[in-house]
J.: 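A single structure is presented below for examination.
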Amino acid sequence: MDVSRRGFLKLSGLSIAALASGLGFDPTIAEAKGFVLKLEGSKKIPSICHFCSGGCGMLLYVKEGKLIHLEGDPDHPTNEGALCPKAASLLSVAYSPNRVTKPRRRAPGSDHWEEISWEDALNRVAQKTKEVREATWKANDEIINAKTGQRDLLSVNRAEGIAFLGSAEVDNEESYLISKFCRIIGTPYNEHQARI
Ligand code: SF4
């Protein structure tokens, strides 16, 4: 008998199921029970995947402060329970030993990164932003009339040296805050990676 790989897998599955039911044991029930036991005592938290702007709904199961399982939210209108591979791997990402959880700095000329405190990191970012803003501030810009050739100096007041590049991981609320921040510090250069 010629059996394809797919056919072989099907036949083996059927044989196992037949053997299991012959022994009075339903493997699907055991599997479901194991799953329920795994989630016992956990808290189910509805959330949104942060990986891209798709905004798929997820259900996170947290036990003793640790994420133990996640799945697509079947009631979410965007993904109706499905998750793409990126989101499905989030559990591994969350606890990966390679994940950087503290700010780091590589000093000029250095060949390695050093951990620094959050306070140091935020102070440095604030200080550098201020320096760049002051050094590149443009109060006026010359406008040339295309028809007459007349030159006029107009007040523009913008920070020429600062730009923001949004990411697909930026959610609505973060985008709102970034846009506000751009206006506060005076930069018109606020773009998104998807448009580049
Ligand atoms: S990364 Fe995948 S699961 Fe997450 S929002 Fe995008 S499409 Fe949805």
Side-chain angles (χ1 to χ4, degrees), residues 4-6 9-10 12-13 16-17 26-106 112-119 121-122 124-126 128-129 159 162-185 187-196:
S4 67
R5 184 173 174 274
R6 185 179 286 271
L9 290 173
K10 241 186 200 169
S12 349
I16 290 169
D26 184 346
T28 52
I29 295 177
E31 200 176 302
K33 275 200 176 149
F35 185 62
V36 170
L37 279 177
K38 178 186 165 188
L39 301 186
E40 210 172 50
S42 64
K43 191 176 176 193
K44 182 166 78 176
I45 303 172
S47 188
I48 302 291
C49 173
H50 72 280
F51 260 132
C52 88
S53 50
C56 296
M58 306 172 97
L59 296 175
L60 308 178
Y61 293 83
V62 177
K63 198 171 180 176
E64 290 161 12
K66 198 168 177 204
L67 180 64
I68 57 162
H69 176 73
L70 62 85
E71 61 196 24
D73 183 350
D75 295 328
H76 197 279
T78 305
N79 54 318
E80 298 179 337
L83 282 183
C84 78
K86 276 189 293 179
S89 68
L90 261 176
L91 193 58
S92 321
V93 173
Y95 297 115
S96 166
N98 297 325
R99 185 173 169 191
V100 177
T101 56
K102 290 184 181 148
R104 291 179 181 182
R105 172 173 188 252
R106 197 175 73 178
H112 65 277
W113 293 87
E114 290 165 58
E115 259 181 25
I116 58 172
S117 70
W118 280 103
E119 199 182 350
L122 291 172
R124 284 189 64 79
V125 170
K128 290 285 169 197
T129 305
I162 300 177
F164 271 78
L165 180 61
S167 127
E169 291 203 16
V170 174
D171 59 29
N172 284 347
E173 291 76 13
E174 287 165 330
S175 295
Y176 170 79
L177 291 174
I178 289 172
S179 301
K180 257 200 150 169
F181 188 65
C182 285
R183 281 155 184 74
I184 289 169
I185 62 171
T187 178
Y189 309 119
N190 180 11
E191 255 301 352
H192 189 274
Q193 67 171 63
R195 297 206 323 157
I196 294 178

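Values reported hereafter were calculated over all heavy atoms of this structure, with side chains retained and with hydrogens, waters and symmetry mates removed. Bear in mind the structure is a predicted one, so any value in this text is a computation, not a measurement. When a ligand or atom number is given, it counts from 1 through the structure's own listing order.
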J.: Mind checking what makes side chain to side chain donor-acceptor pair (under 3.5 Å) contact with Lys180, not counting sequence neighbours?
T.: Tyr176

J.: Please check this pair: side chain of Asp73 against backbone of Gly81, looking for a donor-acceptor N/O pair closer than 3.5 Å.
T.: no

J.: Is there a donor-acceptor pair closer than 3.5 Å between any side-chain N or O of Ser47 and the backbone N or O of Met58?
T.: no

J.: Tell me, please, which residues at least two apart from Phe164 pass ring-ring contact (aromatic ring centres under 6.0 Å, His included).
T.: Phe181

J.: Just how far is it from atom CZ of Phe51 to atom SG of Cys56, taken to the nearest 0.5 Å?
T.: 12.0 Å

J.: Among protein atoms, how many N/O/S atoms lie less than 2.8 Å from atom 2 (Fe) of ligand 1?
T.: 1

J.: Below 3.5 Å, can you tabulate the donor-acceptor pairs from side chains in residues 91-106 to any protein atom, sequence neighbours excluded?
T.:
unit_1 : atom_1 : unit_2 : atom_2 : d
Tyr95  : OH     : Leu67  : N      : 2.7
Ser96  : OG     : Asn98  : N      : 3.0
Arg99  : NH1    : Ala94  : O      : 3.2

J.: Show me which atoms of ligand 1 lie under 4.0 Å from any heavy atom of Gly55.
T.: 5 (S)

